[in-house]
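Contents: one structure, followed by commentary.
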Amino acid sequence: MKENVTVVILAAGLGTRMKSKKAKVLHEAGGDTLLNHIIRAALHVAAPEKIIAVIGYQAEQVRQTVRVPGIRFAEQSERKGTAHAVLCARQAVESDGGQLLVLNGDGPLLRPATLQAILDFRCGASAGGAIVTTELADPTGYGRVVRDRDGTVSAIVEQKAATPEQLKIREINTGLYRFDAGLFWQFIGEVKPNNPAGEYYLTDMVEILATNGHPVAALLIEDERELLGINTRIELALADKILRTRKAEELMLSGVTIENPETVTIDGGVEIGPDSLIEANVQLRGATRIGANCRIATGCVLRDCAIADGVTILPYVVAESSSVEKKASVGPFSRLRIGVEAGENSHIGNFVELKKTRLGSGSKASHLAYLGDSEIGTNVNIGAGTITCNYDGRRKHQTRIEDGVFVGSNSTLVAPVTLSEGAFIAAGSVITNDVERDALALGRAFQVNKQGWAKKRRETQREAEPVKS
Ligand code: UD1
Ligand code: CA
């Protein structure tokens with residue numbers, strides 16, 4: 001089982017540099033909020049009830065977007081700095097012993113392995129804990145790690161408080177700390193807001209602990225990309241790119257072919273089975289699940305969809321909260337608006353829109369149709385231009401089309417209406433009444449042909465006024 005680890009995640013700030021009305025940790029990268037990413041990483045080293053997120057700015061929205069059940073929250077009503085934020089979590093911390101991991105809420109790229117590494121990092125019996133550091137070519141904005149002559153970390157100085165000499169230090173604090181919990185709570189009261197920002201800096205704990213004989217060790221990590229803290233939207237875009245690359249690589253290693261992987265947008269929660277092909281410029285969002293041996297062609301945007309094995313989704317299909325069963329094919333240019341179920345071997349073709357509709361197995365709607373609030377049986381043919389009139393301006397009504405029905409092209413089905421099994425609807429019909437089993441329904445004006453009429457018209461017109469060329 002996990003050792004006695006409590007995790008405090010600092011997520012109360014607004015994030016001024018984002019220039020947003022939305023709290024920084026609510027911004028999304030890789031298909032999820034910054035905070036959800038970090039909570040998920042923390043779950044690898046601590047049980048949910050030992051994870052405390054310190055929230056403040058837009059606390060309610062932040063609480064609601066956290067998708068991990070069981071984690072706890074503490075509120076920091078005034079933003080007085082990172083040390084003050086940890087102090088706000090004091091009440092929620094159950095034990096004063098063990099290890100206290102403190103994580104900045106704006107570091108979504110952190111890998112669980114790095115959290116484990118800092119927990120496992122051994123550093124002398126009297127040590128106050130450990131911090132993760134890295135060396136940056138451009139350390140601007142980060143807290144600099146100050147070391148003694150013997151290499152011991154003596155302090156972290158923030159950008160605003162650093163001397164010109166200290167600003168040249170390239171080793172920075174990444175915002176990932178492990179403290180001996182007992183020592184931490186003993187000394188946290190000594191942090192004072194005596195810096196240009198007037199904040200209680202958590203980073204001051206490093207110097208305080210060192211002065212009291214409990215220096216903090218530094219775990220220097222080479223791959224600094226994982227430790228990127230998001231302060232601006234430029235960094236947000238970079239984090240998004242890194243997370244999506246990671247996801248695409250993970251899928252490719254599990255047997256999915258991705259063409260031009262740098263052009264696809266696949267959210268972290270998406271699953272794809274082996275031997276499926278994802279073409280360029282595809283977006284797979286939310287909780288989309290795709291089976292094995294599928295083809296998702298270029299330009300498709302699927303959100304929260306369930307796609308079974310062997311399905312072909314041709315180019316430029318837009319689908320949301322819908323399911324497509326085995327060996328069905330959809331597209332090109334189809335829209336599954338919401339709540340669509342396409343049965344096994346069914347086919348939905350170009351410029352067909354469906355909403356809250358089940359299309360039974362083997363049924364086809366190949367071209368230009370709108371099918372809304374419909375229950376369509378098996379082996380039904382929906383002709384080009386078929387429209388369900390499901391809305392009377394006030395309410396939505398159901399259309400029921402039973403097995404084996406043939407709906408001729410350009411039919412208008414005025415709901416509520418039922419076309420019983422095996423019925424045949426003549427092309428161009430406006431169907432307002434139910435159709436019985438195996439019946440032909442013809443709902444259009446009969447055609448009248450007048451022999452010689454057109455010729456006669458041409459002749460009379462020619463006599464009246466010669467046509468100018
Ligand atoms: C912080 C570190 C800095 C480090 C950098 C790494 C301090 C003082 N500095 O700087 O050494 O190099 O992270 O990315 O800690 N927060 C609160 N309450 C507050 C203030 C902040 O919850 O009162 C939260 C923020 O929401 C954020 C995190 O703490 O998630 C870090 O705050 P931020 O303002 O981004 O700190 P940095 O200036 O980046
Ligand atoms: Ca930051």
Side-chain angles (χ1 to χ4, degrees), residues 305-308 310-314 317 319 321-449:
C305 287
I307 311 293
V311 165
T312 303
I313 311 274
L314 291 163
V317 167
S321 304
S322 292
S323 65
V324 181
E325 285 155 33
K326 278 186 195 156
K327 297 193 178 161
S329 85
V330 182
F333 301 103
S334 317
R335 176 156 186 225
L336 313 189
R337 182 135 59 89
I338 199 166
V340 175
E341 292 171 38
E344 238 175 276
N345 282 307
S346 63
H347 173 61
I348 295 168
N350 31 209
F351 311 109
V352 174
E353 174 184 348
L354 293 92
K355 187 215 75 174
K356 291 191 184 157
T357 286
R358 158 134 197 114
L359 187 67
S361 61
S363 291
K364 293 187 173 75
S366 297
H367 345 256
L368 300 160
Y370 170 61
L371 304 166
D373 302 302
S374 307
E375 179 67 37
I376 301 171
T378 60
N379 299 310
V380 167
N381 185 81
I382 303 286
T386 298
I387 304 290
T388 55
C389 307
N390 60 326
Y391 184 51
D392 62 10
R394 286 174 58 219
R395 279 192 216 101
K396 302 281 166 66
H397 302 282
Q398 293 287 318
T399 299
R400 191 177 154 78
I401 304 177
E402 294 182 357
D403 297 349
V405 167
F406 183 94
V407 180
S409 296
N410 204 32
S411 293
T412 303
L413 310 176
V414 182
V417 71
T418 296
L419 316 182
S420 294
E421 197 174 333
F424 194 103
I425 311 302
S429 294
V430 176
I431 301 296
T432 51
N433 299 320
D434 291 352
V435 181
E436 302 80 6
R437 194 173 166 153
D438 294 328
L440 165 70
L442 207 74
R444 64 185 187 218
F446 281 94
Q447 183 175 330
V448 177
N449 290 0

Inset, instruction - For side chain to side chain contact (heavy atoms under 4.5 Å, CB included), just list the numbers for I307 and I313, CA-CA rounded to whole Å, side-chain angles, deciding distance to a tenth of an Å, and then say yes or no. - result: CA-CA 9 Å; I307 311 293; I313 311 274; 4.2 Å; yes
Inset, instruction - Might you confirm whether atom NZ of K356 has over 12 heavy atoms from other residues, nucleotides or ligands at distances under 6.0 Å? - result: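 Count not over threshold, so no.
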Closest approach of [X] to [Y] (non-hydrogen atoms, all atoms of both residues):
X: T399; Y: A415; value: OG1-CB, 3.4 Å
X: G428; Y: R444; value: O-CB, 3.7 Å
X: A369; Y: I382; value: CB-CG2, 4.4 Å
X: L442; Y: A426; value: CD1-CB, 2.9 Å
X: E436; Y: A423; value: O-CB, 3.8 Å
X: S429; Y: A441; value: OG-O, 3.7 Å

Tell me, do [X] and [Y] make a side-chain contact under 4.5 Å, heavy atoms counted?
X: T312; Y: V330; answer: no
X: I425; Y: I431; answer: yes
X: L368; Y: V352; answer: no
X: D392; Y: V414; answer: no
X: E341; Y: S323; answer: yes
X: L359; Y: I348; answer: yes
X: E402; Y: T418; answer: yes
X: V324; Y: L336; answer: yes

Spatial distance of atom [atom1] ([X]) from atom [atom2] ([Y]) [nearest 0.5 Å]:
X: T432; Y: L413; atom1: OG1; atom2: CG; value: 10.5 Å
X: E325; Y: K327; atom1: CD; atom2: NZ; value: 13.5 Å
X: R400; Y: E375; atom1: CZ; atom2: CD; value: 6.5 Å
X: L440; Y: F424; atom1: CG; atom2: CZ; value: 7.0 Å
X: I338; Y: K355; atom1: CD1; atom2: NZ; value: 9.0 Å
X: K326; Y: S346; atom1: NZ; atom2: OG; value: 13.5 Å

Inset, instruction - Step by step, work out the side chain to side chain contact (heavy atoms under 4.5 Å, CB included) result for I376 and L371. - result: CA-CA 9 Å; I376 301 171; L371 304 166; 4.0 Å; yes
Inset, instruction - Any chance you could lay out the side chain to side chain contact (heavy atoms under 4.5 Å, CB included) test for S366 and H347, step after step, and finish with the verdict? - result: CA-CA 7 Å; S366 297; H347 173 61; 3.4 Å; yes
Inset, instruction - Test side-chain hydrogen bond (donor to acceptor under 3.5 Å, both in side chains) on N390 and Y370 and set out the steps. - result: CA-CA 10 Å; N390 60 326; Y370 170 61; 3.3 Å; yes
Legend entry - Sole candidate of D438, V380, I401, D403 that passes side chain to side chain contact (heavy atoms under 4.5 Å, CB included) when paired with E421: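 By the side chain to side chain contact (heavy atoms under 4.5 Å, CB included) criterion, E421 pairs with just one of D438, V380, I401, D403: D403.
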Legend entry - Derivation of the side chain to side chain contact (heavy atoms under 4.5 Å, CB included) call for V405 and N379: CA-CA 7 Å; V405 167; N379 299 310; over 6 Å; no
Legend entry - Charged N-O contact under 4.0 Å between R337 and E353: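 Yes, R337 and E353 are salt-bridged.
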Legend entry - Whether S322 side chain and A319 backbone form a donor-acceptor pair below 3.5 Å: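 It does not hold such a pair.
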Inset, instruction - Give a yes or no answer on whether the side chain of S374 reaches the backbone of G372 with a donor-acceptor pair at less than 3.5 Å. - result: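 It does hold such a pair.
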